[in-house]
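Structure record follows, encoded as structure tokens.
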Amino acid sequence: MSRMVTQIISTMETQVSNGPSGTSLPNGPVISTNGATDDSKTNLIVNYLPQNMTQEEFKSLFGSIGEIESCKLVRDKITGIHDASAGQSLGYGFVNYVDPNDADKAINTLNGLKLQTKTIKVSYARPSSASIRDANLYVSGLPKTMTQKDMEQLFSQYGRIITSRILVDQVTAGISRGVGFIRFDKRNEAEEAIKGLNGQKPLGAAEPITVKFANNPSQKTGQALLTQLYQTAARRYTGPLHHQTQRFRLDNLLNASYGVKRFSPITIDSMTSLAGVNLTGPTGAGWCIFVYNLSPEADESVLWQLFGPFGAVTNVKVIRDFTTNKCKGFGFVTMTNYDEAAMAIASLNGYRLGDRVLQVSFKTSKQHKA
DNA sequence: TCGAATT
């Protein structure tokens, strides 16, 4: 590419990011001075669409506002390799209206619309360009007290921030989960932010933060998708079964063929009275349970099956090695009610699962060094 | 043998 062309493009980008340029015709698209169509007042990007929304539903929703010039639900190339319309939705799309007024109306009426578990975001799309791709960062280890504004302030020294978010706990409605996202205008700004902030402690923070490029929604593993399904299903059913029934179900589910042998389980009262053990209390989501001696092949489904019969389970997690993706031998289960968690522990500690004997207890408080 | 987090 010649230097002159490069300069023209970079000038275009600067102009467009500061607002549309060129001549607005009475009844047609805005034509920029070099003849290219300027979509900046008609073209919208829609984010946080439900995973299962189809192209047709997408078009129908946005077509209800006004005449659409074009629209596209963005799908994954890999999963849709044999059929472009069959790939996993990436959860976002573009809508280009004929009339800029309709684009404006779509933002005003559809931005913030709740669809299933998602709140969609409708905003003007930035012009497509290679330099704005892969500029999204995932940040973890943030102090719980850090606000979105604090985080933006920290990152803004590296470039123009397009979007930011701090994830919050669903149950406690508003407590930071210590992870978030920052999208920069340009990829190189994101790269500089990683260099400057990854592994650094924000002012006054006790622990360093991790800053890396974010995954696409489609890069979610099959396992993560399964977990999501289990969690959705689990929220529909949270009532405890009668304990006799639970025991029976559980034995049938897991042990029928193994000739199960049980250790005498430690009672809950003796556990809670152990000196120096801090239990994770019912603050936040519920009671967190530590499960040890899972096999390397263990997955989330086994934890749901083990604990679900005892009552409301809100979350399960198998801890895996980052590189091998094998279970590191332990996991966590969160249960809403103390009595049900206690019953699950009493019943499952010492439980033989295959050729392993599980150790199950309340999770101890996080050890912090010295 | 007591984590990770992906809008």
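Naming convention: chains lettered A, B, ... in sequence-line order (proteins, then strands); numbering from 1 in each chain.
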* So what does A:F181 hit on the nucleic acid, given a heavy-atom distance under 4.0 Å: a base, only sugar-phosphate, or nothing? -> base
* To do: Figure out the CZ/P separation between A:F332 and B:dA4, and round it to whole Å.
  => 8 Å
* Using the six-membered ring for Trp and the full ring for Phe, Tyr or His, decide whether A:F330 stacks on the six-membered base ring of B:dG3 (centres under 5.5 Å, planes under 30°). => no
Atom pairs and distances, side-chain donor-acceptor, residues 105-115 of chain A, under 3.5 Å, sequence neighbours left out:
unit_1	atom_1	unit_2	atom_2	d
A:N108	ND2	A:D104	O	3.1
A:N108	ND2	A:D104	OD2	3.3
A:T109	OG1	A:K105	O	2.9
A:N111	OD1	A:V122	N	2.9

* Asked: Which one, B:dT7, B:dT6, B:dG3, comes nearest to the side chain of A:Y138?
  -> B:dT6
* Once you round it to whole Å, what is the distance between C1' of B:dT6 and CG of A:D76? -> 15 Å
* Asked: Which nucleotide in the list B:dC2, B:dT6, B:dA4 gets nearest to the side chain of A:K328?
  -> B:dA4
* **Whole-Å gap separating C1' (B:dT1) and CD1 (A:I345)** => 15 Å
* Ignoring the backbone of A:A214, work out which of B:dC2, B:dG3, B:dT6 is nearest its side chain. => B:dT6
* Structure fact -> Considering only heavy side-chain atoms of A:N215, the closest of B:dT6, B:dG3, B:dT7 is B:dT6
* Structure fact -> Atom CD of A:E207 and atom C1' of B:dG3 are separated, to the nearest Å, by 14 Å
* Asked: Choosing from B:dT6, B:dT1, B:dG3, which nucleotide comes nearest the side chain of A:Q359?
  -> B:dT1
* Asked: OP1, OP2 of B:dG3 versus side-chain N and O of A:R320: anything below 4.0 Å?
  -> no
* Between A:F362 and A:Y338, how do the two ring planes meet: parallel, tilted or perpendicular, split at 30° and 60°? -> parallel
* Which part of the nucleic acid, if any, lies within reach of A:I319 when heavy atoms closer than 4.0 Å are counted: base, sugar-phosphate only, or nothing? -> base
* Asked: For the residue pair A:Y292 and A:F290, does the interplanar ring angle fall in the parallel (under 30°), tilted (30 to 60°) or perpendicular (over 60°) class?
  -> parallel
* Shortest side-chain distance from A:R165, nucleotide among B:dT7, B:dC2, B:dA5 -> B:dT7
* Asked: In whole angstroms, how far is the P atom of B:dC2 from the CH2 atom of A:W287?
  -> 21 Å
* Structure fact -> Taken to the nearest whole Å, NZ/A:K118 to P/B:dT6 is 11 Å
* Distance, rounded to the nearest Å, where A:K317 contributes NZ and B:dT1 contributes P -> 20 Å
* Asked: Once you round it to whole Å, what is the distance between P of B:dA4 and NZ of A:K363?
  -> 11 Å
* Does A:N136 make a side-chain donor-acceptor contact with the base of B:dT7, cut-off 3.5 Å? -> yes
* **For A:F62, ring-ring contact (aromatic ring centres under 6.0 Å, His included) partners two or more places apart** => A:F58
* Asked: Do you reckon A:Y97 sits in the same ILVMFWY cluster as A:L61, going by side-chain contacts under 4.5 Å, direct or chained?
  -> yes
* To do: When you get a sec, tell me which of B:dA5, B:dG3, B:dT7 is the closest nucleotide to the side chain of A:T163?
  => B:dT7
* Asked: Among side-chain atoms of A:N96 and A:E69, is any donor-acceptor pair under 3.5 angstrom?
  -> yes
* Structure fact -> Side-chain atoms of A:L167 come closest, of B:dT6, B:dG3, B:dT1, to B:dT6
